[in-house]
Amino acid sequence: MTALTVLAAGLATDRSAGLAAPSLVQSVDWLALAPVVITAAVGLAVLVADLFVAERRKPVLGWISVAGLAAATASLLPLRAGDRTTFCLTGDPSACSYAADHFALVIQFLVLGGALVTALLSVTAVRDTRMPAGEYWFLLLSSAAGAALLPASRDLATLIVALEVASLPAFALVGMRRGDRLSSEAALKFFLSSVTATAVSLMGVSFVYAATGSLHLTQVAARLEDVPGQLDTVAMAGVALTLVGFAFKTAAVPFHFWVPDTYVGAPLPIAGYLSVIGKAVGFTGLILVTVIAFPAYSEVWGPALAVLAALTMTLGNAAALRQSADRANSAVRLLAWSSVGQAGYLLVPIAAAAYSERDQIGSTVAYALMYAAVNLGAFAVAALVARTKPLHRISDYRGLYAERPLAALSLAFFLLCLAGLPPGIIGLFAKVTVFRSAVDAGLGWLAVVMAVNVVIALYYYLRWTALLFRVPEGAEGLESAEGPAGAEARTRAPWPVTAAIVLTAITALVLSGAPQLALRVASGTLFAQ
């Protein structure tokens with residue numbers, strides 16, 4: 001009580017002397033925070049409800065999670081003006097820790113929409129594999145909340161915290177299949193490599209803070225313009241080290257080695273989640289720290305990201321090309337290596353931003369929107385096929401059109417989008433947009449490397465697509481009284497999996513019918529204000 005009295009007396013003295021004491025109380029815009037808060041709150045509610053729900057009624061937890069993610073996605077609608085900020089410094093209102101701008105909203109829509117599709121795929125996966133429902137849904141929603149927080153983060157501390165909130169539950173989700181050796185090894189490899197990358201990033205953040213005295217991205221950018229000579233090396237090292245953690249999340253070479261084994265060991269819905277939401281987290285972090293915080297050191301990160309892009313797309317496509325169709329888990333491994341190659345394309349516009357006055361970031365965001373829809377769709381079809389063919393071989397997809405015509409047509413469309421061939425117009429449009437960003441930035445050599453890799457990728461995408469429409473093995477000329485061979489083995493597809501396939505297919509079709517929508521939504525998102 002005495003200390004409070006002294007403090008009050010001191011404030012009264014300041015006022016009587018005409019000194020305005022700055023307020024340390026920050027206002028909180030709960031509407032801006034709604035997408036993150038709803039996701040996190042539903043996750044906690046599911047964890048608590050798991051204690052009281054009978055085992056036979058555990059599936060209801062999944063539907064609560066689906067409803068929560070749908071509500072969080074819908075809560076983005078009132079924010080579409082993209083003009084809200086919160087947790088701002090009282091002394092500098094322009095320095096905020098959270099900004100619901102257009103860039104953040106587009107990425108949050110991608111993240112929450114992707115998590116919703118993952119939840120639909122997980123409803124049957126959790127039941128069929130007998131994974132602990134409460135823990136699974138809590139971890140998935142927690143990771144989605146962290147992933148939704150990251151694009152709105154505008155200081156380095158919040159960025160790192162959001163990155164870890166998105167990552168730590170993912171480690172457990174990968175190893176959720178108890179007693180599965182591949183799952184445990186994948187989780188351990190993912191955990192150890194991620195923790196190492198995070199430690200390096202934290203060291204980089206500490207160096208940046210030592211050189212600038214601030215963690216807010218806008219203040220860091222301003223102070224890096226005039227770093228004292230004795231701190232220039234510290235600042236440069238901090239910039240380079242900070243990028244490592246985000247490069248790891250994007251699966252950029254040489255930080256890619258965890259991807260194939262992790263995707264194979266994880267439940268298929270989680271593999272799809274990591275391939276889309278995990279990458280969105282990494283690329284968003286890279287964009288924020290490079291374009292907003294570190295433009296003064298573009299000569300450091302620009303060439304580095306350009307080289308990373310070339311190495312990533314080349315190694316990813318070369319490894320995908322080597323996958324044997326008859327090898328167990330070859331389908332998942334091909335999607336894993338394909339995602340590494342796609343990460344190389346996504347890095348191109350970020351690297352180009354270092355060399356060009358134009359806003360190149362819209363190209364990465366537009367490509368990410370296309371990639372999220374079609375890659376999650378491919379994993380959804382893989383989850384459907386795995387119900388009867390659990391070895392996940394590419395050869396298992398031979399003759400899929402005869403057994404499941406709509407699933408085969410959907411997968412063919414997704415693969416053609418990834419390849420950039422008609423009728424997957426959105427894939428072609430996204431690749432041309434990324435290619436043009438490299439040319440406009442004067443990175444002709446990188447554009448050539450990308451063109452060569454696109455041609456290489458055509459082979460394995462088209463090989464898989466053609467396999468879908470071939471006659472099933474051992475079924476040439478054979479038909480039963482019920483129809484084509486293989487009809488007897490046909491099982492009814494669970495409607496949540498069907499809904500996930502339909503949702504992603506419709507999204508890809510709409511974007512292919514009007515590809516300019518993706519670029520219109522994405523262009524200028526970072527600088528819309």
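Being a predicted model, the structure only gives us computed values, none of them experimental.
- Looking at L288 and R154, their side chains come closer than 4.5 Å, going by heavy atoms from C-beta outward.
- Side-chain polar atoms of T433 and Y367 form no donor-acceptor pair below 3.5 angstrom.
- Annotation for A351 and A306: closest pair CB-N, 3.5 Å, computed over non-hydrogen atoms.
- Across all non-hydrogen atoms, the minimal contact from V340 to G316 is CG1-CA, 3.9 Å.
- Heavy-atom neighbours of F429 CZ from other residues, nucleotides or ligands within 6.0 Å: above the threshold of 12.
- Between the side chain of D101 and the backbone N or O of A104 there is at least one donor-acceptor pair closer than 3.5 Å.
- No more than 12 heavy atoms of other residues, nucleotides or ligands shown are found within 6.0 angstrom of CZ on F109.
- A salt bridge links K389 and E403; the closest N-O separation between the charged side-chain nitrogens and carboxylate oxygens is under 4.0 Å.
- Distance alone, capped at 3.5 Å, places no donor-acceptor pair between the T39 side chain and the L141 backbone.
- When every heavy atom of G204 is checked against every heavy atom of L241, the shortest pair comes out as CA-CB, 3.6 Å.
- A salt bridge does not link D326 to R398: none of the charged nitrogens lies less than 4.0 Å from a carboxylate oxygen.
- With rounding to the nearest 0.5 Å, the separation of CZ in R463 from CG in L334 is 7.0 Å.
- Side-chain contact between Y401 and R470 is absent, with no heavy atoms from C-beta onward closer than 4.5 Å.
- Contact check on E185 versus R181 returns a salt bridge, with a Lys/Arg side-chain nitrogen under 4.0 Å from an Asp/Glu carboxylate oxygen.
- The number of heavy-atom neighbours closer than 6.0 Å to CE of M203, taken from other residues, nucleotides and ligands shown, is 12 or below.
- With values rounded to the nearest 0.5 angstrom, L411 atom CG is found 7.0 Å from T465 atom OG1.
- A donor-acceptor pair is defined here as one N or O able to donate and one able to accept, closer than 3.5 Å; no such pair exists between the side chain of S512 and the backbone of L509.
- How far CZ of F255 is from CZ of F248: 10.0 Å, rounded to the nearest 0.5 Å.
- A donor-acceptor pair shorter than 3.5 Å can be found between the side chains of Y461 and S338.
- The shortest distance between side-chain heavy atoms of I287 and I292 does not fall below 4.5 Å.
- In this structure, the side chain of S437 engages the main chain of V434 through a donor-acceptor pair within 3.5 Å.
- For the pair R393 and R327, the minimum side-chain heavy-atom distance is 4.5 Å or more.
- Of the N and O atoms on the side chains of K249 and S167, at least one donor lies less than 3.5 Å from an acceptor on the other residue.
- In this structure the side chain of K279 reaches within 4.5 angstrom of the side chain of S339, judged on heavy atoms.
- Between the S143 side chain and the L140 main chain, no donor and acceptor come within less than 3.5 Å of each other.
- Heavy atoms only, all atoms of each residue included: I426 and A508 are closest at CG2-O, 4.1 Å.
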- request: Would you sort out whether T284 and F103 count as a side-chain contact (heavy atoms from CB on, under 4.5 Å), showing the intermediate values?
  value: CA-CA 9 Å; T284 301; F103 174 78; 3.8 Å; yes
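- Taking 4.5 Å as the limit, some side-chain heavy atom of R387 sits within range of a side-chain heavy atom of D128.
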query: What do the steps show when you test D396 against L391 for side-chain contact (heavy atoms from CB on, under 4.5 Å), and what is the final call?
result: CA-CA 8 Å; D396 293 337; L391 291 181; 4.1 Å; yes
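- The side-chain heavy atoms of S363 and R436, taken from C-beta on, include no pair separated by under 4.5 Å.
- At a threshold of 4.5 Å between non-hydrogen side-chain atoms, the residues L173 and P267 do not count as touching.
- Considering Y459, Y397, F414 as possible partners of W464, the one that fulfils the ring pair (Phe, Tyr, Trp, His ring centres under 6.0 Å) test is Y397.
- To the nearest 0.5 angstrom, L286 atom CG is 9.5 Å from T364 atom OG1.
- Nearest heavy atoms, L139 versus A172: CD1-CB, 3.6 Å.
- Proximity of a side-chain donor or acceptor of R177 to a complementary backbone N or O of G265 within less than 3.5 Å is detected.
- Not a single donor-acceptor pair under 3.5 Å links the side chain of K431 to the backbone N or O of A451.
- Using cut-offs of 30° and 60° for the angle between ring planes, the W258 and F190 rings count as parallel.
- Side-chain atoms of N317 and Y460 include a donor-acceptor pair closer than 3.5 Å.
- Taken from CZ in F246 to OG in S201, the straight-line distance is 6.0 Å, to the nearest 0.5 Å.
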message: For Y297 and T290: C-alpha separation, side-chain torsions, deciding distance, then whether side chain to side chain donor-acceptor pair (under 3.5 Å) applies.
response: CA-CA 8 Å; Y297 283 81; T290 55; over 6 Å; no
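- How far OG1 of T262 is from CG of L182: 11.0 Å, rounded to the nearest 0.5 Å.
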query: What's the verdict on salt bridge (charged side-chain N to carboxylate O under 4.0 Å, His left out) for R333 and D261, showing C-alpha distance, side-chain angles and the deciding distance?
result: CA-CA 8 Å; R333 286 187 178 276; D261 291 342; 3.2 Å; yes
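- The backbone N or O of D440 lies less than 3.5 Å from no partner atom in the side chain of Y355, so there is not a single donor-acceptor pair.
- No donor-acceptor pair closer than 3.5 Å links the side chain of S194 to the backbone N or O of F191.
- Formation of a donor-acceptor pair under 3.5 Å by the S330 side chain with backbone atoms of S324 is found in this model.
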